Amino acid sequence: MHGAPHWQVTPYTIPLGVGAGLFVILAVYLLRRQTERRLVPGATLGALLLLASGFWMGLYALELSRTDFAAKVLLNQLAYLGVAPLPLLWLAYVLRHAGLDSLPREAWAALGTVPVVTVGLVFTNRWHNLIWDGLLLTEHDGYVVLVNDHGIAFVGFVVYAYILVVVALAVLVRTLSHADGIYRKQTVGLLVGGLAPAVGGLVYVAGASPVPGLNLPALAFALTASAVAWSVFRHRLFTVVPIAWESAVESMQGAAIVLDDERLVLDANPSSESVLDRSLVDSYGRPVESVLKPELVAAIDDAPNAEVSVTIGGDDRDLLVNTTPLGDDTATSGTLVLVRDITERKERERRLERQNDRLEEFASVVSHDLRNPLTVARGYLELARETNDDDYFTRVEDAHDRMETIIDDLLTLARQGETLTDRSPVALSTVASEAWDSVAVGEATFDARIDQTVDADRGRLRQLFENLFRNSVEHGSAGSQARPDDAVEHGTTETHDSSDDAVSVVVGPITGGFYVEDDGPGIPESESEDVFERGYTTHEDGTGFGLPIVKSVADAHGWTVTLTSSSSGGARFEFTDVETGAVEERTDSSGN
């Protein structure tokens with residue numbers, strides 16, 4: 001039982017011991033993670049700060065538990081191994097947290113000499129009394145405490161320490177003023193952790209402690225332990241360091257989201273609200289699967305750069321999702337997800353692709369379709385020279401007309417854009433009549449049973465009618481087929497001769513648009529899906545561009561074109577989604 005009286009129990013021993021143990025556990029945790037996974041810079045610095053704090057608090061807990069003078073003095077001296085570097089470690093960590101750790105090495109070396117000198121003076125105090133003028137034991141509330149009468153060197157160290165602490169607190173306040181999201185919460189945690197021992201130290205140095213000899217800064221660090229532990233495990237304090245976040249990410253136009261290694265949302269810039277399913281504030285700390293659309297989550301898992309189509313606010317958008325690991329090659333501490341809206345770029349690419357398709361068609365026709373009538377023309381020209389027969393010159397002229405028709409179709413397809421720049425209200429009956437006058441042949445008749453105004457490009461609308469009328473006239477009666485022309489996508493189900501009745505073409509209104517129909521042989525259902533394909537034709541003189549031109553004009557206006565059969569069995573083209581004015585169907589017939 002010898003030595004038992006040298007131990008005592010105080011109400012401060014347990015909180016100090018718990019705080020010290022918690023600091024040491026956190027420090028070991030961070031050092032282990034830093035060694036095995038090489039996480040972000042700053043983890044080692046944070047671990048050293050926790051170790052120094054834990055060492056000081058642990059030794060002070062032991063000092064309070066002892067009653068003999070020699071043990072208390074020794075433990076008090078050893079505690080300075082943790083006390084002396086704490087202010088410098090705290091300042092270094094705060095500067096690292098704020099991204100301001102750019103002091104030159106000479107400055108850090110100068111600041112580091114004060115803790116080293118202080119520790120040296122502590123262990124040699126018996127020869128100079130610069131740290132303590134006197135040490136004595138006193139009893140308070142039934143337990144023994146060590147009372148220190150401080151010397152001039154201790155006062156100097158306290159001034160040094162509080163200058164560093166005040167600077168660190170000022171940096172934290174500045175960081176807090178423009179921090180956001182998870183980093184704001186981290187900074188608040190650090191502020192709370194730094195203020196508690198700072199206030200306790202002021203009370204202790206001023207001699208205003210309610211318990212003489214009680215080291216209030218050490219007790220206050222028990223509160224700091226709780227604040228730091230809460231920040232580490234709740235907000236991943238040491239997982240991602242927010243250096244230059246505001247300057248690098250906050251001002252970005254695209255969404256930027258930081259995930260930790262458990263795929264929880266650590267932070268997001270204001271632009272991220274456009275892709276989040278929750279509010280920005282409500283997304284912090286939640287799994288990414290609960291705040292982003294499934295398509296975006298799949299893109300994060302898919303590849304470093306993935307393109308996805310997502311519906312946002314009722315609009316279909318093309319997004320580029322870029323994921324960047326935050327860490328080294330062996331492990332990551334998190335992921336930076338950048339989401340950019342590339343809808344306009346993708347639309348330009350699609351337009352360019354369609355233009356390239358038209359160029360390919362142009363090259364195909366130039367190399368193939370033009371070569372046939374050119375060969376024919378050359379052949380008949382040779383025969384004309386040999387025989388002086390004028391009939392051959394007529395056939396040469398027909399071949400040239402054929403080439404001119406093909407060239408006109410190609411120019412139409414090459415020049416027309418996918419958007420319209422000159423739209424105005426135009427009367428369908430007027431434009432249709434003008435188009436009919438330019439293509440009508442033989443005994444074909446035309447009836448405009450409509451008084452309707454549409455918002456359209458007048459020239460392009462006339463192209464639409466011209467190609468439809470030409471298609472009907474050339475395939476509706478045998479008599480009119482003598483003249484070769486474009487737009488001959490009609491297939492025929494029977495043979496017509498000169499005795500057949502002339503074709504009749506009608507333009508009339510329907511709900512949400514208008515129709516163009518004829519009473520010819522119609523288009524077989526098996527070909528109805530193909531007639532709008534460029535280059536598709538069933539006629540030996542056809543180019544396969546007439547009805548595709550019709551569809552291009554309709555698409556440029558935002559109209560929908562549907563091919564069906566008229567009541568007489570002919571072809572009927574219906575145009576819907578058309579912005580129309582007054583509609584009045586006329587029952588009288590006016591053949592032109």
Side-chain angles (χ1 to χ4, degrees), residues 33 37 39-40 179-186 231-246 248-354 418 555 558 560 577:
R33 293 284 297 273
R37 301 189 180 184
L39 290 183
V40 297
D180 191 18
I182 196 72
Y183 302 124
R184 184 176 184 85
K185 296 179 181 179
Q186 290 177 0
S231 295
V232 169
F233 291 107
R234 178 61 181 88
H235 298 301
R236 304 300 197 271
L237 180 62
F238 300 105
T239 303
V240 178
V241 178
I243 297 177
W245 168 261
E246 291 79 12
V249 178
E250 289 291 324
S251 60
M252 290 178 57
Q253 295 297 319
I257 303 170
V258 176
L259 309 178
D260 67 4
D261 53 3
E262 296 179 4
R263 294 168 64 89
L264 300 180
V265 176
L266 291 182
D267 208 341
N269 67 347
S271 297
S272 300
E273 287 192 304
S274 62
V275 298
L276 294 173
D277 284 341
R278 299 174 179 268
S279 67
L280 196 61
V281 175
D282 192 37
S283 299
Y284 297 139
R286 294 185 181 274
V288 66
E289 292 80 5
S290 68
V291 300
L292 288 181
K293 296 182 181 297
E295 297 90 342
L296 293 175
V297 175
I300 294 173
D301 299 329
D302 186 24
N305 295 283
E307 296 181 1
V308 295
S309 296
V310 179
T311 301
I312 300 176
D315 298 326
D316 293 332
R317 311 299 297 177
D318 294 307
L319 303 177
L320 174 63
V321 181
N322 175 270
T323 56
T324 303
L326 300 177
D328 61 13
D329 296 333
T330 59
T332 62
S333 60
T335 303
L336 174 62
V337 180
L338 302 177
V339 183
R340 289 189 296 146
D341 191 324
I342 58 171
T343 304
E344 293 184 2
R345 191 194 81 185
K346 296 297 292 185
E347 183 57 33
R348 288 195 298 270
E349 291 176 355
R350 286 188 284 265
R351 286 199 300 267
L352 181 61
E353 184 177 353
R354 289 191 289 269
E418 296 179 349
D555 290 343
T560 301
D577 301 322

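Counting from 1, the numbers follow the sequence of the chain as shown. Below, each value reflects all heavy atoms present in this structure, side chains not excepted, and no hydrogens, waters or symmetry copies. Since the structure is predicted, the reported quantities are computational estimates derived from the model, not experimental observations.
- Judged by distance alone, with hydrogens and angles left aside, the side-chain atoms of R278 form a donor-acceptor pair with the main-chain N or O of S290 at under 3.5 Å.
- Side chain to side chain, D316 and T311 meet the donor-acceptor criterion of an N or O pair below 3.5 Å.
- Contact annotation: the side chain of V339 never approaches that of L292 to less than 4.5 Å [non-hydrogen atoms, C-beta and beyond].
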After noting the C-alpha distance and the side-chain angles of V291 and I257, does the key distance pass the side-chain contact (heavy atoms from CB on, under 4.5 Å) rule?
-> CA-CA 11 Å; V291 300; I257 303 170; over 6 Å; no
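- With sequence neighbours excluded, no residue forms a side-chain contact (heavy atoms from CB on, under 4.5 Å) with S274.
- A pairwise comparison of heavy atoms in A255 and V275 identifies CB-CG2, 3.9 Å as the closest pair.
- In this structure, the separation between CD on E307 and CZ on R340 is 9.5 Å, given to the nearest 0.5 Å.
- Applying the salt bridge (charged side-chain N to carboxylate O under 4.0 Å, His left out) test to E349 and every residue at least two apart in sequence or in another chain returns R345, K346.
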List the atom pairs, donor and acceptor, that lie under 3.5 Å between side-chain atoms in residues 319-326 and the rest of the protein, sequence neighbours left out.
{"unit_1": "N322", "atom_1": "OD1", "unit_2": "T324", "atom_2": "OG1", "d": "3.2"}
{"unit_1": "N322", "atom_1": "ND2", "unit_2": "N305", "atom_2": "OD1", "d": "2.6"}

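- Residues A299 and V308 come closest through the heavy atom pair CB-CG1, 3.6 Å.
- No side-chain heavy atom of T335 sits less than 4.5 Å from a side-chain heavy atom of V288.
- Under the 4.5 Å side-chain criterion, counting only non-hydrogen atoms from C-beta, D341 is not in contact with D318.
- By the 4.5 Å heavy-atom criterion applied to side chains, K293 and D277 are counted as neighbours.
- Salt-bridge annotation for E347 and R350: present, with a side-chain N of the basic residue lying under 4.0 Å from a carboxylate O of the acidic one.
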